[in-house]
There are 2 protein chains.
Amino acid sequence: MVHHVTLRDVAEYAEVSVTTVSNVMRDWPYVSHKTRERVLGAIEKLGYTPHVVAQGLRTGQTQAIAFVVPDLSNPYFAAIVSAAEDVAQEHGYTLLIFNSHENSDREAVCIRRAARRWADGLLIAQTAGAHSSSLDGLVTPHVAIDRVPEGYQSPSCTLDNFRAGQLATQHLVDLGHTHIAHLGGPTHTRPAQERLRGWQSVLAAHGLPSHYVQHSGNSWGCDDGYTALQNLFSTGDVPTAVFASNDRMAVGALRAIQERGLNVPDDVSLVGVDDIEISRFLNPPLTTVRQPLEDMARAAIDLLLKLIHAEQLETTQVVLQPQLMIRQSTTSPRTGSAT
Amino acid sequence: MVHHVTLRDVAEYAEVSVTTVSNVMRDWPYVSHKTRERVLGAIEKLGYTPHVVAQGLRTGQTQAIAFVVPDLSNPYFAAIVSAAEDVAQEHGYTLLIFNSHENSDREAVCIRRAARRWADGLLIAQTAGAHSSSLDGLVTPHVAIDRVPEGYQSPSCTLDNFRAGQLATQHLVDLGHTHIAHLGGPTHTRPAQERLRGWQSVLAAHGLPSHYVQHSGNSWGCDDGYTALQNLFSTGDVPTAVFASNDRMAVGALRAIQERGLNVPDDVSLVGVDDIEISRFLNPPLTTVRQPLEDMARAAIDLLLKLIHAEQLETTQVVLQPQLMIRQSTTSPRTGSAT
DNA sequence: ATTGGAATATTTAACGTTTCACATTTCAGA
DNA sequence: TCTGAAATGTGAAACGTTAAATATTCCAAT
C-alpha cells in the first residue's frame with residue numbers, strides 16, 4: 001500500500017505545525033490569512049484528505065449510523081432504508097446496514113456489532129416480539145423504527161398500523177360489505193398484530209363477524225397471500241371483501257381470486273396496505289392504505305441525531321398517520337348474490 | 001457519556017499487561033493457560049468489547065465495504081445490496097451504503113467519501129456513462145458491479161444483458177412474432193443499451209424490422225413502461241409482441257395494453273427482464289428473463305475481498321448468464337389479424 | 001552446571017487526529 | 001514607553017489498539 005498523505009506531510013510541506021494544519025481544516029478563526037493560504041495550497045498540492053478513522057478515534061464520533069433491518073430485500077424496507085440514507089447523508093452521516101433476516105439471534109449479533117462503537121447511533125426495526133432483550137442495556141443512542149415491541153418506552157418512530165387496519169376495513173364497511181376477511185401478516189410482528197386489531201375493532205363496532213384468515217407463513221410475500229386465500233376458498237368460505245395486511249399479499253390474493261374465476265372488485269373487493277409502486281398498475285388498480293415511509297425514516301433519523309447530540313427532545317414517540325388510497329379494486333357488494 | 005471498558009481496564013483488573021490482553025483477544029498461542037483464564041474472566045466480568053475504530057486506525061483495516069448504488073429504492077438494487085450484505089457479513093465485513101440517486105456528481109461525492117479510508121474496498125454500480133472519471137486514480141480496491149462503463153478494464157462483475165435481450169427476443173421470434181417492439185430502459189445505462197442491442201441482433205438475424213419505442217424517462221419504473229406504450233399506441237402502431245427492458249416497465253406496459261382493451265397474450269405477447277417477485281403473480285404471469293442477482297453480488301464481493309487481501313486473481317471480469325422463464329404472457333400471434 | 005531455544009510476558013512506539021496548555025507576537029489604549 | 005488582552009502559533013498528550021523489540025522464565029539437551 002502506498003503511503004498516504006497525512007496532516008504531518010502537509011505541515012512539513014507548508015512549514016507549519018501539525019496543529020495549524022488541523023486548525024485550518026476545522027476552520028478555526030485564529031489563523032492568519034497568509035498561513036491559511038499556504039496551508040490550503042499544500043493541502044491542494046499534496047491531495048490531503050482527512051483520515052476519518054483517526055478522527056473517529058480522537059473525537060469518539062464516527063459520523064455513522066447503523067440500521068438493523070429485518071429483511072432488506074423486502075421493497076418496503078428498501079424504501080425505508082433508502083429514505084434514511086438520504087437524510088443521514090444530508091447531515092453528513094454514513095449509513096451502515098445490517099440484515100437480521102427476521103431472526104432474533106442474528107439481530108442480537110447485528111446490534112452487538114453495531115454497538116462496538118462503529119456507529120454513533122442505531123436505528124432498528126426489531127424482528128423480535130415482546131422481549132426487547134437485545135436492546136436493553138445498550139448504551140449507544142438508538143431509535144426503534146417501524147416495528148416496536150409492545151410496551152416499548154424508549155424513543156421510537158412508527159406508523160399507526162391500528163389506524164391503517166381501521167381505514168381499510170371502514171372503507172369496506174362503508175361500501176356495504178358485511179363479509180370481510182383478513183389476510184394477516186406474520187403474527188410475530190407488531191404491524192401485523194395492529195392491523196389485525198384495527199380490522200377487528202371496526203367489525204366489532206358494526207356487529208359484524210370476523211372471518212379471519214391466519215396465514216401460516218413467516219413473511220409478507222405474494223405467495224403468502226396466494227396460499228392464504230386458497231386455503232380460505234378451500235373451506236368453502238367466499239367473502240365479498242378481503243383486507244390483506246400488505247400489498248404484496250394482496251397481489252397474491254388477487255391472483256388466487258382471479259384463478260378461481262372470480263372478478264375483482266365485482267365478486268370480491270380487495271384492499272392492501274403500503275401503496276407500493278405496482279399497486280396503481282395492477283388490474284384492477286389496488287385500493288390501499290398509504291404509509292408515509294419517507295416521513296417515518298426522516299423523523300427517526302432526526303430523533304436519533306438529537307439523541308446523539310444530547311439535545312432536548314419534546315416528543316420521543318413519533319407516530320405517523322396512514323392515508324387511504326381508493327382505486328378500482330373495491331366497490332359495493334352485489335346485492336342478493338352473497339356467498 | 002460513561003467511560004468505556006478498554007484493554008487497559010481489563011489489563012489492570014487481571015493484573016497483566018495490555019499486550020497480553022490483546023494477545024488473548026487475538027488468540028495468540030503463547031499465553032499460558034492460567035493467565036488466559038484470568039484474562040478471559042476479567043473480560044467477561046468487565047464486559048469488554050473491542051473498539052473497532054481504534055483497531056481500524058492501528059491495523060489500517062476497517063473490515064468495511066462501501067457499496068455505491070444508483071437507486072436503493074429500486075427493488076432490483078435492493079436485492080443486490082441485500083445479497084452483498086449477506087456475503088459481506090459472512091466474511092466479517094460490514095456494508096456501508098451510499099445512494100448516488102442516478103446522479104454522477106453525487107456519485108463522485110460518494111466515492112470520495114467512501115475512499116477516505118472508511119472502507120477497505122468499494123463496490124460500485126456506476127450511474128455514469130462512458131467516462132469512468134470518478135473511479136480512475138482511486139487507490140482503494142474496487143469492483144464494478146451490474147453497470148460497467150463501456151471499455152472498462154478493471155475488475156467487474158456483470159450480467160450478460162446482451163444475452164438477456166437475445167433470449168427474450170428469440171423466444172418471441174420462435175413463437176412466430178414478426179412485429180416486435182422494444183421498450184428501452186434509461187439510455188445512459190449500459191444494461192439498457194445491451195438489452196437493446198440483443199433485441200436488435202436477433203431481429204437483424206431474422207430480417208425483421210425494429211419497432212423501437214425509446215422511452216424518454218430517466219428511470220425503470222412502471223410509469224415509464226406505461227407512458228412509453230401509450231405513446232406507441234398513439235402512433236397507431238400495434239405490435240404483436242413487446243419486449244420491455246425490465247419487469248417494472250412490463251407491468252406498466254401490461255396496464256397500458258389492458259386499458260386499451262387488448263388481451264395479453266392473445267393480442268400482444270409481453271416479456272420482461274429480472275423476474276421480480278410479483279411477476280409470477282401478475283395476470284397473466286409474466287414471461288421474463290431471470291437475472292442471477294445473488295450470484296452476481298456474491299461473485300463481486302468475493303472478487304473484492306481477494307483484491308483487498310492482495311490475492312492472485314484468475315478471472316477479473318465475471319459475467320453471469322440469464323435464464324428465460326416462460327410463463328403465460330407470451331404465445332403465438334393470431335394468424336391473419338396482424339395490424 | 002551450562003547453554004540455548006522455545007514459551008511467556010512486558011515495554012515501547014506507532015496509527016492520524018484533536019485539544020489542552022502554553023508560548024509568542026501584535027497592537028490599541030493608557 | 002508600558003501593559004495586557006487578543007490574535008496567532010506550537011508541543012505534547014491523549015484516543016484504544018497492535019506489533020516489533022526486548023526481557024524474563026522455563027526446561028530439555030549438552
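Given the structure is predicted, the values throughout are model-derived calculations rather than measurements. Computation of the quantities below employed the complete heavy-atom set of this structure, encompassing side-chain atoms and omitting hydrogens, waters and symmetry-equivalent molecules. First the proteins, then the strands, lettered A, B, ... as listed; each starts at 1.
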Which donor-acceptor pairs under 3.5 Å do the side chains of residues 306-317 of chain B make with protein atoms, sequence neighbours left out?
| from | atom 1 | to | atom 2 | distance (Å) |
| --- | --- | --- | --- | --- |
| B:His309 | ND1 | B:Leu305 | O | 3.1 |
| B:His309 | NE2 | B:Tyr93 | OH | 3.2 |
| B:Gln317 | OE1 | B:Ser156 | OG | 2.8 |

Item to check | Close residues, residues 21-35 of chain B, relative to DNA chain D [heavy-atom separation under 4.0 Å] | outcome: B:Ser22, B:Arg26
Next on the checklist: At a heavy-atom distance below 4.0 Å, which nucleotide of DNA chain C is the first touched by chain B, and which is the last?
Outcome noted: C:dA7 to C:dG16
Checklist outcome for this item: Value for CD1 (A:Ile111) from CD1 (A:Ile124), rounded to nearest 0.5 Å, stands at 3.5 Å
Checklist entry - Has the side chain of B:Glu107 got a donor or acceptor atom that lies under 3.5 Å from a matching backbone atom of B:Thr127? => result yes
Checklist outcome for this item: Residues at least two apart in sequence or cross-chain that pass side chain to side chain contact (heavy atoms under 4.5 Å, CB included) with B:Asp105, listed by chain then number, are B:Asn103
Item to check | Residue pair B:Arg106 / B:Phe98, side-chain heavy-atom distance below 4.5 Å | outcome: no
Checklist entry - Which residues in residues 43-66 of chain B have at least one heavy atom lying under 4.0 Å from any atom of DNA chain D? => result B:Tyr48, B:Pro50, B:His51, B:Ala54, B:Gln55, B:Arg58, B:Thr59
Checklist entry - Taking atom NE2 of A:His101 and atom CD of B:Glu85, what is their separation to the nearest 0.5 Å? => result 6.0 Å
Could you list the donor-acceptor pairs under 3.5 angstrom formed by side chains in residues 60-78 of chain A, with sequence neighbours left out?
| from | atom 1 | to | atom 2 | distance (Å) |
| --- | --- | --- | --- | --- |
| A:Thr62 | OG1 | A:Ala64 | N | 3.4 |
| A:Thr62 | OG1 | A:Trp118 | O | 2.7 |
| A:Thr62 | OG1 | A:Asp120 | OD1 | 3.1 |
| A:Asp71 | OD1 | A:Ser73 | N | 3.1 |
| A:Asp71 | OD1 | A:Ser73 | OG | 2.8 |
| A:Asn74 | OD1 | A:Tyr76 | N | 2.8 |
| A:Asn74 | OD1 | A:Arg248 | NH1 | 3.3 |
| A:Tyr76 | OH | A:Asp146 | OD1 | 2.6 |

Next on the checklist: Can a donor-acceptor pair be found, under 3.5 Å and without considering hydrogens, that links the side chain of B:Arg147 to the backbone of B:Arg190?
Outcome noted: no
Checklist entry - Would you say the side chain of B:Thr49 lies within less than 4.5 Å of the side chain of B:His4, judging by non-hydrogen atoms? => result yes
Checklist outcome for this item: For A:Ala297 and A:Ala84, the nearest pair of non-hydrogen atoms, with its separation, is CB-N, 3.7 Å
Checklist outcome for this item: Tightest non-hydrogen contact, residues A:Ile145 and A:Ala300, listed as CD1-CB, 3.7 Å
Item to check | Pairs flagged by side-chain hydrogen bond (donor to acceptor under 3.5 Å, both in side chains) wherever residues 17-26 of chain B is involved - sequence neighbours left out | outcome: B:Ser17-B:Thr20
Checklist entry - Quantified as the angle between the terminal helix axes (five pairs each), what is the overall bend of the helix from C:dA1-D:dT30 to C:dA30-D:dT1 to 10 degrees? => result 50°
Checklist entry - Where does the chain A footprint on DNA chain D start and end, counting 5' to 3' with a 4.0 Å heavy-atom cut-off? => result D:dA7 to D:dG16
Next on the checklist: Show the nearest heavy-atom pair for residues B:Asp295 and B:Leu320, with the distance to one decimal.
Outcome noted: C-CD1, 3.8 Å
Next on the checklist: If you define the side chain from C-beta out and look only at heavy atoms, does anything of A:His188 sit under 4.5 Å from A:Glu102?
Outcome noted: yes
Item to check | Contact list for residues 9-20 of chain A, test salt bridge (charged side-chain N to carboxylate O under 4.0 Å, His left out), sequence neighbours left out | outcome: A:Arg8-A:Glu12
Checklist entry - Okay, side chain of A:Arg113, backbone of B:Gly92: is any donor-acceptor separation there less than 3.5 Å? => result yes
Quick one: side chains of residues 37-46 of chain A, donor-acceptor pairs under 3.5 Å with protein atoms, not counting sequence neighbours, listed by atom name and distance.
| from | atom 1 | to | atom 2 | distance (Å) |
| --- | --- | --- | --- | --- |
| A:Arg38 | NE | A:Ala14 | O | 2.9 |
| A:Arg38 | NH2 | A:Ala14 | O | 3.2 |

Item to check | Nucleic acid contacts of residues 11-19 of chain A, taken as heavy-atom distances under 4.0 Å to DNA chain D | outcome: A:Val16, A:Ser17, A:Thr19
